[in-house]
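One structure below.
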Amino acid sequence: MFWSMEENRLIGRSGNETLMIEGWGKNALRVRATQYPAFTGADQALEEPHQEETAIEIGESGATVTNGKITAKVTDFGQITFYREGKVILDEYYRQFGSNSKHSPCLQIMAREFKPIYGGDYQLKLRFCSQEGEKIFGLGQYQQPYLDLKGCTLEMAQRNSQISVPFALSSRGYGFLWNNPAVGQVTFGKNYTQWEARVTEELDYWITADDTPKAILENYTAVTGRAPQMPENLLGLWQCKLRYRTQEEVLEVAREYHRRGIPLDVIVIDFFHWIRQGDWAFDPKYWPDPKAMVEELNAMGTRCMVSIWPTVDKKSVNYDEMRRKGYLIRTERGGRQTFDFQGDTVIYDATNPGARDFIWEKCKENYFDQGIDLFWLDEAEPEYSAYDFDHFRYYTGPNVKVGNQYPKLHAKAFYDGLVEAGSQDICNLLRCAWVGSQKYAALVWSGDVYSTFESFRDQVAAGLNMGLAGIPWWASDIGGFHGNVNDPWFKELIIRWYQFAAFGPVLRMHGDRGPHDIPSLDPGGSYGGGFSFTGQPNELWSYGEDVFAIFKKYLDIRLGMKGYIKSVMEEASANGSPALRTMFYEFPDDPQCWELSEQYMFGPDYLVAPVLYEGQREKEVYFPAGEWENIYDGSIRQGGGFATVPAPLEEIPVFRRVKK
């Protein structure tokens with residue numbers, strides 16, 4: 001390669017490739033490569049200001065770039081190896097003549113592979129050598145029980161209950177961001193790691209090296225953004241179900257909580273409170289006075305949240321204007337429909353600034369001006385009838401090239417609107433996210449998952465990996481979304497799920513509770529707020545007095561911890577630390593903590609061991625060194641090993657770290 005230094009950046013040129021390496025934040029480097037004459041200049045997820053002191057050296061056989069604790073050494077052939085204070089942490093995978101590999105060069109495999117797409121951009125593959133014993137975490141949310149992602153192949157695409165946030169945290173002391181919103185795939189293979197983008201103009205990734213996972217996450221969120229402070233009035237109970245159909249149903253539930261003396265922070269109004277998708281307004285037949293409803297809720301100490309779908313029915317009052325202005329996602333072939341649930345709909349284009357302004361202005365007029373300042377941005381992936389990603393085109397390009405950032409820009413539309421309108425206690429609920437969504441007050445939940453213990457176990461791994469991907473506000477539907485209250489295991493499942501949720505960012509009751517045998521309000525209708533179905537009751541008292549007693553016990557525990565939970569959320573805002581933390585996040589020097597996937601730390605002080613199997617009444621728990629106090633009886637246990645502890649149905653193991 002021919003080397004030069006331009007504006008404190010190392011530039012290497014060879015053939016059609018230009019390689020650029022520069023310091024970007026604390027102990028971090030950004031690497032870009034292109035086959036085009038120039039780089040795009042897009043920062044993608046690296047949007048926050050950054051400072052660093054980078055040292056660059058160019059020698060006869062290569063070059064080095066050092067920024068604090070991380071160094072990149074590049075051979076004259078162009079192969080990059082990364083070091084943390086002199087120790088190799090990651091190196092590119094080459095099997096090519098001229099590389100420094102000791103393996104067969106005849107394979108002619110290059111680490112950075114740009115494969116031209118006929119008439120367009122490139123399909124990109126990036127390969128790194130696999131390291132024996134390495135563990136990989138983060139990457140967002142996948143419906144699988146694996147916390148350690150080594151050996152996994154992950155689709156980098158957004159789906160209902162799947163969230164691609166392509167930041168990986170390694171046990172070798174580095175964090176790696178695939179800074180590309182294209183649909184793709186990553187494989188953490190035993191032989192090598194491979195990152196892929198289906199359509200892109202350039203290679204772009206960011207890597208940081210530091211001494212602890214906490215320091216790595218702090219470096220990462222410094223350049224991608226951190227969550228604001230979670231409003232304190234959202235740290236208690238949230239009540240939701242599919243679906244409250246009328247204004248009176250909502251008020252009666254809130255009044256019952258008030259009569260029972262149970263604080264209710266939020267009550268949520270789900271879909272089809274509107275007439276047609278894309279109206280973004282209440283159906284006046286069933287919601288005659290939203291402002292009065294909100295005023296009564298607020299008087300009881302309850303905030304109101306409404307569901308917003310990104311879908312626009314072709315018969316909506318807003319469809320024609322949005323189509324004319326180019327505010328809707330386009331299809332590459334055939335008809336315009338993108339989603340077909342209870343209507344012929346097209347999804348609005350969140351990558352278009354004009355479309356973002358449009359949806360916010362409608363929601364401001366019809367909800368915010370009525371007193372509602374919490375928004376449930378459902379289907380934020382967005383959800384398609386079929387996930388044929390190459391079939392959809394956005395304002396900023398084809399879905400396969402830019403689509404993974406859609407949920408982040410959708411969150412931005414409402415966050416920016418609320419800020420401009422003067423709102424201060426901002427928190428919006430979304431079903432999807434991308435790198436940086438956290439800075440737009442995105443509380444992400446895990447989607448429409450099934451009501452089974454198998455699915456429950458998946459959510460624990462999902463929540464922990466979301467936190468390590470930089471998304472500290474995360475939750476799941478207590479009891480799962482798709483379930484039937486008559487299933488023999490359901491009561492036990494919802495108890496165990498509720499106990500888990502009590503030690504998390506928010507405590508939110510939600511789910512589609514079958515059987516669906518409740519008559520419609522408008523049996524002959526085909527649209528509007530009355531025709532759609534509703535599920536069984538889902539309030540704390542809906543499952544019998546025995547279940548209610550357990551729910552109330554854990555709500556009281558949570559309310560007693562509000563000051564602590566507030567401090568956990570303050571730390572998330574200050575340095576990017578998640579609320580749900582893997583054991584190794586707090587105890588990185590304990591090798592056993594890197595092996596644990598079914599217990600976690602809630603903030604820095606509480607060890608939580610959720611019960612994840614039907615019929616389980618005891619659990620093996622690992623206690624790191626130190627003293628641990630049982631939160632139920634105050635007994636002290638010495639750490640430094642495993643112990644089997646009781647887990648009756650009314651309790652899960654929870655211990656507080658005793659600090660001296």
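The figures that follow rest on heavy atoms only: side chains count, while hydrogens, waters and symmetry mates do not. Residue numbers run from 1 in the order of the sequence given. Please read these numbers as outputs of a predicted model, since none were measured by experiment.
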**OP:** Evaluate the salt bridge (Lys or Arg N to Asp or Glu O under 4.0 Å) criterion for residues Arg255 and Glu296: first the C-alpha distance (whole Å), next the side-chain angles of each, then the deciding distance (0.1 Å), finally the verdict.
**Re:** CA-CA 9 Å; Arg255 290 165 186 156; Glu296 182 176 345; 2.7 Å; yes
Original post:
Do Arg303 and Asn233 get their side chains close enough for a donor-acceptor pair, meaning under 3.5 Å?
Top reply: yes
Original post:
Under the criterion ring pair (Phe, Tyr, Trp, His ring centres under 6.0 Å), which of Tyr554, Phe602, Phe456 is the partner of Phe500?
Top reply: Phe456
**OP:** Considering only NZ, NE, NH1 and NH2 on the basic side and carboxylate oxygens on the acidic side, decide whether Glu256 and Arg259 come within less than 4.0 Å.
**Re:** yes
Original post:
Are the side chain of Gln158 and the backbone N or O of Ala433 linked by a donor-acceptor pair below 3.5 Å?
Top reply: yes
Original post:
So do Pro610 and Gln499 actually touch side chain to side chain, heavy atoms under 4.5 Å?
Top reply: no
Original post:
Got a sec, which residues hit side-chain hydrogen bond (donor to acceptor under 3.5 Å, both in side chains) with Trp376, two or more places apart in sequence or on another chain?
Top reply: none
**OP:** Please name the residue in the list Gln277, Glu383, Arg276 that meets the side chain to side chain donor-acceptor pair (under 3.5 Å) test with Thr311.
**Re:** Gln277
Original post:
Quick one: do Glu420 and Lys364 make a salt bridge, cutoff under 4.0 Å?
Top reply: no
Original post:
Which word best sums up how the rings of Tyr220 and Phe167 line up, parallel for under 30°, tilted for 30 to 60°, or perpendicular for over 60°?
Top reply: parallel
Original post:
Hey, is the main chain of Ala475 close enough, under 3.5 Å, to the side chain of Arg508 for a donor-acceptor pair?
Top reply: no
**OP:** Could you give me the CA-CA distance, side-chain angles and deciding distance for Trp497 and Ser451, then say whether side-chain hydrogen bond (donor to acceptor under 3.5 Å, both in side chains) is met?
**Re:** CA-CA 10 Å; Trp497 211 311; Ser451 299; over 6 Å; no
Original post:
Quick one: do Asp556 and Lys552 make a salt bridge, cutoff under 4.0 Å?
Top reply: yes
Subject >> Note: Arg330-Asp349 ion pair, threshold 4.0 Å (strictly below) >> reply: no
Subject >> Donor-acceptor contact below 3.5 Å, side chain Arg245 vs main chain Phe533 >> reply: no
**OP:** Give a yes or no on whether Tyr395 atom OH has more than 12 heavy-atom contacts from other residues, nucleotides or ligands under 6.0 Å away.
**Re:** no
**OP:** State the OG1-NE2 distance between Thr338 and His391, to the nearest 0.5 angstrom.
**Re:** 8.5 Å
Subject >> Partner set under ring-ring contact (aromatic ring centres under 6.0 Å, His included) for Phe490, not counting sequence neighbours >> reply: Tyr543
**OP:** Would you indicate whether the side-chain heavy atoms of Val266 and Leu234 approach each other to under 4.5 Å?
**Re:** yes
Subject >> Those residues that, when tested against Trp445, pass side-chain hydrogen bond (donor to acceptor under 3.5 Å, both in side chains) (two or more places apart) >> reply: Asp477
Original post:
Do Glu248 and Met293 come within less than 4.5 Å of each other through their side chains, counting heavy atoms only?
Top reply: no
**OP:** Examine distances only and state if a side-chain atom of Ser437 and a backbone atom of Ala442 form a donor-acceptor pair shorter than 3.5 Å.
**Re:** no
**OP:** Could you tell me whether a side-chain N or O of Ser307 sits under 3.5 Å from a main-chain N or O of Leu377, the two making a donor and an acceptor?
**Re:** no
Subject >> Short side-chain donor-acceptor distance under 3.5 Å, Glu379 and Asn160 >> reply: no
Original post:
Got a sec, which residues hit ring-ring contact (aromatic ring centres under 6.0 Å, His included) with Phe551, two or more places apart in sequence or on another chain?
Top reply: Tyr498
Original post:
Charged N to carboxylate O under 4.0 angstrom, Lys241 versus Asp270?
Top reply: no
Original post:
Any idea which heavy atoms bring Ser164 and Trp434 closest together, and the distance?
Top reply: O-CD1, 3.2 Å
**OP:** Could you walk me through whether Asp512 and Arg243 pass salt bridge (Lys or Arg N to Asp or Glu O under 4.0 Å), step by step?
**Re:** CA-CA 8 Å; Asp512 180 8; Arg243 50 186 273 276; over 6 Å; no
Subject >> Tyr327: which of Tyr348, Phe358, Tyr394 passes ring pair (Phe, Tyr, Trp, His ring centres under 6.0 Å) >> reply: Phe358
**OP:** Tell me, please, whether Phe548 has Arg260 positioned over its six-membered ring: NZ or CZ under 6.0 Å from the ring centre and within 45 degrees of its axis?
**Re:** yes
Original post:
Is a salt bridge present between Arg393 and Glu332, judged by a nitrogen-to-oxygen distance below 4.0 Å?
Top reply: yes
**OP:** Give every residue pair that meets the ring pair (Phe, Tyr, Trp, His ring centres under 6.0 Å) criterion with at least one member in residues 222-266, sequence neighbours excluded.
**Re:** Tyr257-Trp541
Original post:
Is the ring centre of Phe389 less than 6.0 Å from the ring centre of Tyr384?
Top reply: no
Original post:
So do His273 and Asp283 actually touch side chain to side chain, heavy atoms under 4.5 Å?
Top reply: no
Original post:
Out of curiosity, Asp340 CG to Asp313 CG, how far, rounded to the nearest 0.5 Å?
Top reply: 11.5 Å
Original post:
Nearest 0.5 Å, what's the CG-CH2 distance between Asp279 and Trp274?
Top reply: 9.5 Å
Subject >> Distance (rounded to the nearest 0.5 Å) between Gln247 CD and Glu252 CD >> reply: 13.0 Å
**OP:** Report, as yes or no, whether the 6.0 Å neighbourhood of atom NZ on Lys315 holds more than 12 heavy atoms from other residues, nucleotides or ligands.
**Re:** no
Original post:
Distance-only, no hydrogens or angles: does the Asn318 side chain make a donor-acceptor pair with backbone N or O of Gly278 under 3.5 Å?
Top reply: yes
**OP:** Answer yes or no: is there a donor N or O on one side and an acceptor on the other, between the side chain of Arg581 and the main chain of Pro578, under 3.5 Å?
**Re:** yes
**OP:** Run through Phe271, Phe375, Trp280 and flag the one making a ring pair (Phe, Tyr, Trp, His ring centres under 6.0 Å) with Trp309.
**Re:** Phe271
Subject >> Under 3.5 Å donor-acceptor, Gln342 side chain and Ser532 backbone >> reply: no
Original post:
Does any non-hydrogen side-chain atom of Val506 lie less than 4.5 Å from one of Leu237?
Top reply: no
Original post:
Can you tell me how far CG of Leu580 sits from CE of Met466, rounded to the nearest 0.5 angstrom?
Top reply: 11.0 Å
Subject >> Set of residues satisfying side-chain hydrogen bond (donor to acceptor under 3.5 Å, both in side chains) with respect to Gln162, sequence neighbours excluded >> reply: Glu155
Original post:
Ring centres of Tyr600 and Phe503 under 6.0 Å apart?
Top reply: no
Subject >> Ion pair check, Lys562 and Asp265, cut-off under 4.0 Å >> reply: yes
Original post:
Is there a side-chain contact between Phe272 and Phe531 (heavy atoms, below 4.5 Å)?
Top reply: yes
Original post:
Between Thr221 (side chain) and Gly225 (backbone), is there a donor-acceptor pair under 3.5 Å?
Top reply: no
**OP:** For the pair Glu47 and Lys439, find out whether any cationic side-chain nitrogen is under 4.0 Å from an anionic carboxylate oxygen.
**Re:** yes
Original post:
Can you tell if the side chain of Gln459 reaches within under 4.5 Å of the side chain of Val449, non-hydrogen atoms only?
Top reply: yes
Subject >> Point-to-point distance, once rounded to the nearest 0.5 Å, from CG of Leu443 to CD1 of Ile426 >> reply: 14.0 Å
Original post:
How are the rings of His410 and Phe414 set to each other: parallel, tilted or perpendicular (split at 30° and 60°)?
Top reply: perpendicular
Subject >> Under 3.5 Å donor-acceptor, Gln143 side chain and Ser161 backbone >> reply: yes
Original post:
Side-chain contact, heavy-atom cut-off 4.5 Å: Leu328 with Ile347?
Top reply: no
